[in-house]
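A quick write-up on the structure given underneath.
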Number of protein chains: 2
Amino acid sequence: MGNEKELLNVSKATIGRLPAYHRYLQEKLAAGEKTVSSTAIAEDLHLNAVQVRKDLSAIAREAGKPKLGFAVADLIADIDRFLGYDNLNDAVLVGVGGLGKALAGYVGFKNYGLNIVAAFDADPARVGTTVGGIKVFPADELARLVRRLNVLIGIVAVPREAAQGVADELIKGGVRAIWNFAPVHLNVPENIAVKNEDMAASLAILSKRLAEILNSEK
Amino acid sequence: MGNEKELLNVSKATIGRLPAYHRYLQEKLAAGEKTVSSTAIAEDLHLNAVQVRKDLSAIAREAGKPKLGFAVADLIADIDRFLGYDNLNDAVLVGVGGLGKALAGYVGFKNYGLNIVAAFDADPARVGTTVGGIKVFPADELARLVRRLNVLIGIVAVPREAAQGVADELIKGGVRAIWNFAPVHLNVPENIAVKNEDMAASLAILSKRLAEILNSEK
DNA sequence: GCGGATTCGATAATTTTTTATCGATAAAAT
DNA sequence: ATTTTATCGATAAAAAATTATCGAATCCGC
């Protein structure tokens with residue numbers, strides 16, 4: 001098959017760092033640099049050079065060269081391929097309030113392989129409008145339309161109270177992965193992937209680090 | 001001092017899970033339940049019971065009781081105290097475009113101990129307006145005002161290209177922690193905390209999990 | 001071409017995080 | 001009162017992730 005390596009042995013931690021490498025490499029590419037060393041990446045991104053080498057070798061097709069490092073363009077292509085940035089996955093967005101609208105307007109998703117094909121909202125005033133070029137449909141058509149569009153990814157950007165219901169409808173429509181921006185734990189079957197965008201958790205980590213820094217100073 | 005335990009020996013992973021426990025516990029409290037067991041929490045949140053016990057014992061003042069579990073109200077108070085949810089930290093928001101507006105309108109932050117006291121934007125059309133009850137000031141007053149307000153936390157919600165400049169200004173004004181929503185790596189001194197809200201990374205992890213699930217099915 | 005500097009990949013050591021095991025304890029049931 | 005049962009905390013084991021070490025490779029300046 002040729003690419004047995006692909007899905008195997010790439011840790012979640014590594015996957016989480018790949019987008020940062022990707023951005024970094026694109027900067028280097030734009031700056032006209034042909035190669036880059038793990039040492040340099042590690043220094044700039046505040047990581048360990050061995051870790052960078054390991055991460056990259058897990059997904060790179062070509063090995064790095066002694067004294068030169070890795071070929072920037074090749075690495076970008078490798079990450080593109082590995083993360084699926086080069087072929088779009090369809091998704092639906094549920095909830096076009098403040099956050100939902102922001103997400104709909106974020107054109108960057110296309111670069112990450114995500115294509116939002118429809119939006120939904122329970123508020124009749126929002127139904128029929130267009131946000132970020134995406135049409136808004138009534139919430140009660142969710143499951144039916146998702147099924148018809150054959151969409152596998154759902155983005156949940158509704159208020160806390162509504163999130164579980166939305167998740168249920170998405171799953172009823174055949175969605176297999178849910179990106180959850182609502183601050184609740186969603187209850188879903190085993191075979192559904194959920195990724196919580198937990199702002200509270202991020203904030204907790206940030207403020208603990210802040211506390212540490214302030215503490216270490218006096 | 002009495003609380004030597006506080007900042008010690010609580011791993012970042014644990015801190016990241018605390019907000020989820022907090023939400024869960026509040027649901028239980030609202031449902032009128034007085035105690036809850038690590039087993040139940042683990043089951044509902046899809047975690048390991050030993051891990052839950054360890055996490056909780058790292059921050060709880062009272063031990064859990066055999067056969068009953070932990071006191072819900074006490075635990076909530078403990079997490080509140082530990083994460084600083086009970087005393088507000090001031091922050092400024094930079095950038096009130098789509099995402100910034102959404103963040104400004106998110107009232108939930110107050111519950112997480114975050115109080116946004118001012119917003120900034122480079123667009124003159126936005127300056128002077130109010131978003132989510134927060135006044136928008138011109139970007140060139142950033143450093144000065146941050147210093148005067150004595151704010152330690154900055155939220156960056158500007159386009160990629162502007163983010164580094166904003167970070168520099170925030171730091172010049174005395175900010176010590178930056179919550180970065182722009183898809184770039186920020187270059188900051190050692191003694192500044194940065195937490196990237198990396199949507200691309202989340203999405204990468206979600207879609208890899210989706211791929212695994214789909215793969216394991218056929 | 002030759003020698004030095006730099007980086008790589010592989011392997012090993014360390015650290016951190018997660019999970020398993022088990023005796024002790026206290027509530028609930030008999 | 002005694003037994004049963006669910007749960008805890010402590011300790012140990014396992015797994016995962018990070019970091020260190022080192023010989024080999026190859027580019028670059030001379």
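In what follows, chains carry the letters A, B, and so on, assigned in the order in which the sequence lines appear, proteins first and then strands, with residues in each chain numbered from 1.
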Exercise for the section: Quickly work out the A:Lys12 NZ to C:dT17 P distance and round it to whole Å. Expected result: 15 Å

Practice task
Would you confirm whether the ring centroid of B:Tyr112 sits within less than 6.0 angstrom of the ring centroid of B:Trp179?
Solution key: no

Fill in the blank from the handout: Rounded to whole Å, the CZ-P distance (B:Phe70 to D:dT7) equals 12 Å

Exercise for the section: Using whole Å, report how far CZ of A:Arg17 lies from C1' of D:dA16. Expected result: 12 Å

Handout entry: Atom-pair distance (CD1 on B:Ile41; C1' on D:dC8), nearest Å
Key = 13 Å

Practice task
Could you tell me whether the side chain of B:Ile205 reaches within less than 4.5 Å of the side chain of A:Lys12, counting heavy atoms only?
Solution key: yes

Exercise for the section: Quick one: label B:Thr14 by what it contacts on the DNA or RNA (base, sugar-phosphate, nothing), any heavy atom closer than 4.0 Å. Expected result: nothing

Exercise for the section: Return each pair, listed once, that meets salt bridge (charged side-chain N to carboxylate O under 4.0 Å, His left out) where at least one residue sits in residues 174-193 of chain B; pairs must be two or more places apart or across chains. Expected result: A:Glu217-B:Arg176

Exercise for the section: Would you please say whether a donor-acceptor pair under 3.5 Å links the side chains of B:His22 and B:Asp80? Expected result: yes

Exercise for the section: Taking the six-membered ring for Trp and the single ring otherwise, decide whether the centroids of A:Tyr106 and A:Phe109 are under 6.0 Å apart. Expected result: yes

Pairs: protein N or O with nucleotides 10-13 of chain D N or O, under 3.5 Å:
none

Exercise for the section: Hey, which sits more toward the 5' end of DNA chain D by its nearest nucleotide, A:Asp55 or B:Ser38? Expected result: B:Ser38

Handout entry: d(CD1, B:Ile15; P, C:dT18) in whole Å
Key = 12 Å

Handout entry: Under 3.5 Å side-chain donor-acceptor pair for B:Gln164 and B:Asp168
Key = yes

Fill in the blank from the handout: note: B:Asn48, atom CG; D:dA14, atom P; distance rounded to Å ~ 16 Å

Completion exercise
Its contact letters, B for base, S for sugar-phosphate only and - for none at protein heavy atoms under 4.0 Å, make nucleotides 25-30 of chain D read BBBS--

Completion exercise
Contacts of B:Glu169 meeting salt bridge (Lys or Arg N to Asp or Glu O under 4.0 Å) (sequence neighbours excluded), chain-then-number -> B:Lys172

Handout entry: Those residues of residues 18-30 of chain B lying under 4.0 Å from DNA chain C by at least one heavy atom
Key = none

Exercise for the section: Establish, for the pair B:Lys208 and A:Phe82, whether the NZ or CZ atom is under 6.0 angstrom from the six-membered ring centre and no further than 45 degrees off its axis. Expected result: yes

Exercise for the section: Take the protein atom CD of A:Gln51 and the nucleotide atom C1' of C:dT15, then report the distance between them rounded to whole Å. Expected result: 13 Å

Exercise for the section: Could you identify which residues of residues 72-79 of chain B place a heavy atom less than 4.0 Å from some atom of DNA chain C, listed by residue number, or say none? Expected result: none

Completion exercise
Nearest heavy-atom contact between B:Pro19 and A:Asp198 is CB-OD2, 4.3 Å

Practice task
Please name the pair of heavy atoms, one in A:Leu170 and one in A:Val94, separated by the smallest distance, quoted to 0.1 Å.
Solution key: CD2-CG2, 4.1 Å

Practice task
Could you check how far CD of A:Glu43 sits from P of C:dT6, rounded to whole Å?
Solution key: 13 Å

Exercise for the section: May I ask you to say what A:Ala63 touches in the nucleic acid, namely base, sugar-phosphate or nothing, with a heavy-atom cut-off under 4.0 Å? Expected result: sugar-phosphate

